[in-house]
*Asks:* 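There's a structure below that I have some questions on.
Per chain, numbering begins at 1; letters A, B, ... match sequence-line order. We use all heavy atoms of the structure for the numbers below, so side chains are in, but hydrogens, waters and symmetry mates are not.
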Amino acid sequence: MTAIDAIKGTRDILPEEVGYWQWIESVAREILNRAAYQEIRTPIFEQTDLFARGIGEATDVVGKEMYTFIDKGDRSVTLRPEGTAGVVRAYIENGLHVKGSLQRLWYVGPMFRYENVQAGRQRQFHQLGCEVLGSADPRADVEVIALAIDILTTLGLKDLRLDLNSVGTPDDRQQYREALVNYLTPYKEDLDPDSKIRLTRNPMRILDSKNPETRKIVQDAPKIWDHLAPESRKRFEQVQQQLTDLGIGFTLNPCLVRGLDYYTHTAFEIVAETGLGAQNAVGGGGRYDGLVTELGGPETPAVGWAMGLERLLLLLQQLASAPAIDLDFYVVSRGGKAEPQALQLAQKLRKQGFAVDLDLTASAFGKQFKRADRSGAAACLILGDDEAVNGTVQLKWLGSGEQESMPQANLLEKAAVLRDRIQNLNSKR
RNA sequence: GCGAGCGUAGCCAAGUGGUUAAGGCAGCGGAUUGUGGUUCCGCCACUCGGGGGUUCGAAUCCCCUCGUUCGCCCCA
């Protein structure tokens, strides 16, 4: 039989790595819960139309990156390429807008895009995201950004840059688009091929081109800031002021254009200065006041972001080793009477909150000790048939080699003392 | 979708046309049948991602294919 491999662009998260994931999730959960955000879990696949409408037919995500298939009921379904559309669908469908004037939500889970794989990019990847639905207040934009920064700094990440821009209202953009096209048209022949096409399709995308020639031209292009209506401009200034008041540094980046159609006003991206490859954005988001109506809901201003967890992980792995659970006891046993007792003892200790590994091999004691040693446990519990008959157990501290015999019942009664001693040992490590 | 590099054991690898495919780590067994960390010994690839071809002979050369890595596009 030939072995079957995981699908291209997917990978296993193995036990040695899973500690990072649990760490990221627990930090995010705590910070978001503390800010009164509630977790929401939506389906991993949805009607294809949801994404086509929500994200925009013209975008690459919809146009060429969706995992779409026809199910047995002849429905076109798509594995979600991002989280916001599903959250907004759930918000409308479940009438969350009438349950409270404002919803603060967060989510974490796998997303799917049919793309070619490279550093920090897979076909199944994971995003953590949060959304505030029902507030147009600039403070919502700032709150959301501040929480993203909190999560990242709590995880110990440094050298991150917050890029900030405003893409205004659809009207603002309309005006700006004209100005931009007017500026770029004379340079048409000097633009890279992709940007040439964008000139008619989606001129703002030319702003974030990586092509050096194009960048040079773009440098002197008109800035959207000069085409924002007074209201939009005021809003943008408020966001900047409030970020500053919170001590959050940012870089104004007039070329930051989000890929998805529904964004309005605030757009931001959190970029890793070092440590990632070409795909260096760890998170991005912004305001999307138009999306809820686009998906058939009532007019609802909203703002949110998403972070790519694989990218976060790449950065974390360069900084720190994965947090692991310290093992308290390794139980060694041999003999017909002792082996079942060892299992019982292990279970009793686990119920008292100890982390206990039970050696299942029944091999020579010497071998079991070798494994006990490697397990990193603070202490080893030894049960042979002598102990089994007497109802005793040997407790051996693996660091010092100190060993004592005691009735099994005593061991359980001394739980508090043992816990202190183990904690003491672990803190010295 | 496009471009380039790379696929030898669970991991890291040597080998670049000629008899049995180095070595290290990990694992397993033994020296040590109830006491670990050291040491020593043994075992662990009929086969080099897969398929086809060239050749007396292929891990090694050629073609295709799959995977992987990095990049383009785009995005988290």
*Asks:* Tell me the salt bridge (Lys or Arg N to Asp or Glu O under 4.0 Å) pairs involving residues 21-34 of chain A, sequence neighbours left out?
*Replies:* A:E30-A:R34
*Asks:* Report all side-chain donor-acceptor pairs from residues 49-56 of chain A shorter than 3.5 Å, counting only partners two or more places apart or in another chain.
*Replies:*
{"from": "A:R53", "atom 1": "NH1", "to": "A:E294", "atom 2": "O", "distance (Å)": "3.2"}

*Asks:* Specify the glycosidic conformation (syn or anti) of B:C62, with syn defined as within 90° of 0.
*Replies:* anti
*Asks:* Choose from B:G1, B:A76, B:G37 the nucleotide whose nearest atom is closest to any side-chain atom of A:Y114.
*Replies:* B:G1
*Asks:* Whole-Å distance between B:C72 P and A:K64 NZ?
*Replies:* 13 Å
*Asks:* Does A:Q47 CD have over 12 foreign heavy atoms under 6.0 Å away?
*Replies:* no
*Asks:* Which residue pairs pass the ring pair (Phe, Tyr, Trp, His ring centres under 6.0 Å) test when at least one of the two sits in residues 106-154 of chain A, sequence neighbours left out?
*Replies:* A:W21-A:H126, A:Y67-A:Y114
*Asks:* What pairs with A:E339 under salt bridge (charged side-chain N to carboxylate O under 4.0 Å, His left out), at least two apart in sequence or on another chain?
*Replies:* none
*Asks:* Considering residues at least two apart in sequence or located in another chain, which fulfil the side chain to side chain contact (heavy atoms under 4.5 Å, CB included) criterion with A:Q219?
*Replies:* none
*Asks:* Looking at RNA chain B, which of residues 357-368 of chain A put a heavy atom within less than 4.0 Å of it?
*Replies:* A:F365, A:K367
*Asks:* Please, which pairs that meet side chain to side chain donor-acceptor pair (under 3.5 Å) have at least one residue in residues 383-392 of chain A, sequence neighbours excluded?
*Replies:* A:E387-A:Q394
*Asks:* Mind checking the P distance from B:A22 to B:G15? Whole angstroms is fine.
*Replies:* 14 Å
*Asks:* Using a cut-off of under 3.5 Å, enumerate the N/O to N/O pairs linking the protein to nucleotides 39-42 of chain B.
*Replies:*
none

*Asks:* May I ask you to list the residues of residues 398-408 of chain A, by number, that have any heavy atom positioned under 4.0 Å from an atom of RNA chain B?
*Replies:* A:L398, A:G401, A:Q403
*Asks:* Dump every N/O contact between nucleotides 48-50 of chain B and the protein below 3.5 Å, one line per pair.
*Replies:*
none

*Asks:* In which stems does RNA chain B show up, taking only runs of three or more Watson-Crick or G-U wobble pairs whose two distances fall under 3.5 Å?
*Replies:* B:1-7 with B:66-72, B:10-12 with B:23-25, B:27-31 with B:39-43, B:49-53 with B:61-65
*Asks:* Dump the pairs, protein N or O against N or O of nucleotides 67-71 of chain B, anything under 3.5 Å, distances to one decimal.
*Replies:*
{"from": "B:C70", "atom 1": "OP2", "to": "A:A119", "atom 2": "N", "distance (Å)": "3.1"}
{"from": "B:G71", "atom 1": "OP1", "to": "A:A278", "atom 2": "N", "distance (Å)": "2.8"}
{"from": "B:G71", "atom 1": "OP2", "to": "A:Q118", "atom 2": "NE2", "distance (Å)": "3.4"}

